[in-house]
Amino acid sequence: MDNRRKYVIPGDVITTGPFRPEQNVILEGNKIISTMIGVTEIYDDSVKVISLTGKYIPKINDLVIGKVISHTSLSWELYINSCYVGFLPAQDVFGRDFSAHADELTSKLKAGDLVAARIANFDRTRDPLVTIADRDLGKIESGDLVKISPSKVPRLIGKRGAMIQAIETATGAIITIGQNGWVVVSCENPEGLLKAKKAIQMVNEQAHVANLADQVNEMLESKSES
Amino acid sequence: MGGRESTLVLLDEKGIRCDGRKVDEPRRIMIKAGGLKNADGSAYIEFGDNKILVGVYGPRDVHPKHMSNTDTGILRVRYHMEPFSVSERKNPAPSRREIEISKVIKEALLPAVMLEKFPRTAVDVFIEVLQADGGSRCAALSAASVALADAGIPMRDLVASCAAGKVADTIVLDVNNEEDQAGQADMPVGYMPQLKKITLLQLDGVLSPEEFKKCVETGVKGCEIVYELQKKALTDKYFQNRGDQ
């Protein structure tokens, strides 16, 4: 079978035959049709399309960066750059002995705070449940927020994290990438911070360019000399 | 039958129409994907003298909440003509005609968009007609489908649209404003070219069964021409200066 990557738009027939339709494709008769603008990937028995546009749709186990928008007496609501709001129960932060009258939710997280969280549960019947009970999760105390398109997050991470590692080592910044397209950059050195932010924006704008890694490296190095 | 008396020659002996086109020739069409920064997806179309801008927002929270559906997302379409889009100022309040066209376009897009993937959300399509000529609903529908694809809403197929009609007892493709006013019939067709399914079919005028069949076929042919341009618009935005293909 033709294993080459193909660019498709909605309605394009990718292939015919006994394939399992995966992400962003549908089976119509024996034709496999793309439902998104994107790049096809054909495996031995399945076909999928990596989309190039679209909003963030929560997936279980995704790391996301959210912003607290409000709270009730039992939970917080996080804006996670998606069409659904993240639901963060108070037990998650205060522990098992949380009591609705003894503990004040705003003492831990206030509206406007940024939080690194993981999607604990999500299905089509309810809003995504997020958790911060894990290592590296929780309130983000410092750093700059950079917003990129969620469909370009894989490009920013690169093959096995190559792109993000390159940026981190060149600038000395610590970068937290949320799958929802929000990225937090923190760096002691203001020059490194600026450079890391510029590199992330560059990936966002030029995600389609073939030799992007080289260009980013070039940009990172050229600045460090001056 | 039908049609207003006019001195305009709609179709001369050589088969040339009042604006110089052949019977099976559409007007000049230009489609551009993107353009609005704050919208999730957008498109601009020039279809003859029609100039239409479409913005798509969503999937997003539904307000008012009671409109939301727990089984599926909802699609909301607003077709609106600017006060300056026609020669005499149009009242900007939604007219009876605009409400109808909004509904018709919504129903023509629904078979294509897969809203069941986003329960409890809404996708909003805003269509602004900057300059109107005949056949603006077809142009608006074609642009709306490009804008939806640009917004990354999953779709079974693009919806292309073009009108056909009967002018001076002949079936013609892509009826313009003059032909719409003075012609005998006008039939907007919306069509999903890959799935070969019709999603919009209206008819204003009287046609015999044979003429009706020919008119639908002509309209579908027009849709295929529009489809190629929709494809080009999306390809230009997303795949330009990429390696292969």
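Below, chain A is the first sequence line, B the second, and so on; all start at residue 1.
- Judged by distance alone, with hydrogens and angles left aside, the side-chain atoms of B:Thr121 form a donor-acceptor pair with the main-chain N or O of B:Phe118 at under 3.5 Å.
- For chain A, the option among B:Gln230, B:Gln194, B:Arg120 with the highest count of heavy-atom pairs below 4.5 Å is B:Arg120.
- With hydrogens and angles disregarded, a donor-acceptor distance shorter than 3.5 Å links the side chain of A:Thr169 to the backbone of A:Gln165.
- Here B:Glu98 does not pair with B:Arg78 in a salt bridge; the nearest charged N to carboxylate O distance is not below 4.0 Å.
- Counting all heavy atoms, side chain and backbone alike, A:Leu52 lies closest to A:Ser151 at O-OG, 3.2 Å.
- Judged by distance alone, with hydrogens and angles left aside, the side-chain atoms of B:Ser42 form no donor-acceptor pair with the main-chain N or O of B:Ala39 at under 3.5 Å.
- Using a 4.0 Å cut-off between charged side-chain N and carboxylate O, B:Lys221 and B:Glu217 make no salt bridge.
- Using a cut-off of 4.0 Å between Lys/Arg side-chain N and Asp/Glu carboxylate O, B:Arg21 and B:Asp174 are scored as salt-bridged.
- Not one N or O on the side chain of A:Thr171 forms a donor-acceptor pair closer than 3.5 Å with the backbone of A:Ala196.
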Evaluate A:Asp144 against A:Lys197 for salt bridge (charged side-chain N to carboxylate O under 4.0 Å, His left out), listing each step before the verdict. CA-CA 8 Å; A:Asp144 276 30; A:Lys197 279 168 78 173; 2.8 Å; yes
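- Between B:Asp24 and B:Thr218, every side-chain heavy-atom pair lies at or beyond the 4.5 Å cut-off.
- The residues A:Arg20 and A:Glu22 are annotated as salt-bridged, a charged nitrogen and a carboxylate oxygen being separated by less than 4.0 angstrom.
- Taking 4.5 Å as the heavy-atom cut-off, the residues of residues 77-92 of chain A that approach chain B are A:Cys83, A:Tyr84, ordered by number.
- How far CD1 of A:Ile65 is from CH2 of A:Trp182: 9.0 Å, rounded to the nearest 0.5 Å.
- At a 4.5 Å heavy-atom cutoff, A:Ser149 makes no contact with chain B through either its backbone or its side chain.
- Proximity to chain A (any heavy atom under 4.5 Å) is shown, for B:Lys231, by both the backbone and the side chain.
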Take A:Val49 and A:Glu41, measure what side-chain contact (heavy atoms from CB on, under 4.5 Å) needs, and give me the verdict at the end. CA-CA 6 Å; A:Val49 169; A:Glu41 278 186 9; over 6 Å; no
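- Without hydrogens or angle criteria, A:Asp62 side chain to A:Val64 main chain gives no donor-acceptor distance under 3.5 Å.
- The stretch residues 149-160 of chain B places B:Ala149, B:Asp150, B:Ala151, B:Gly152, B:Ile153, B:Pro154, B:Met155, B:Arg156, B:Asp157, B:Leu158 near chain A, each with some heavy atom under 4.5 Å from a heavy atom of that chain.
- Classification of A:Glu221 and A:Lys195 as a salt-bridged pair fails, no side-chain N sitting under 4.0 Å from a carboxylate O.
- No donor-acceptor pair closer than 3.5 Å links the side chain of B:Asp236 to the backbone N or O of B:Ala233.
- Between the side chain of A:His71 and the main chain of A:Leu109, no donor-acceptor pair closer than 3.5 Å is present.
- Of all residues spanning residues 118-125 of chain A, those with a heavy atom less than 4.5 Å away from chain B's heavy atoms are A:Asp123, A:Arg124, A:Thr125, arranged by number.
- Within residues 49-66 of chain B, the residues having any heavy atom closer than 4.5 Å to a heavy atom of chain A are B:Gly58, B:Pro59, B:Arg60, B:Asp61, listed by residue number.
- Between the side chain of B:Ser102 and the backbone N or O of B:Tyr79 there is at least one donor-acceptor pair closer than 3.5 Å.
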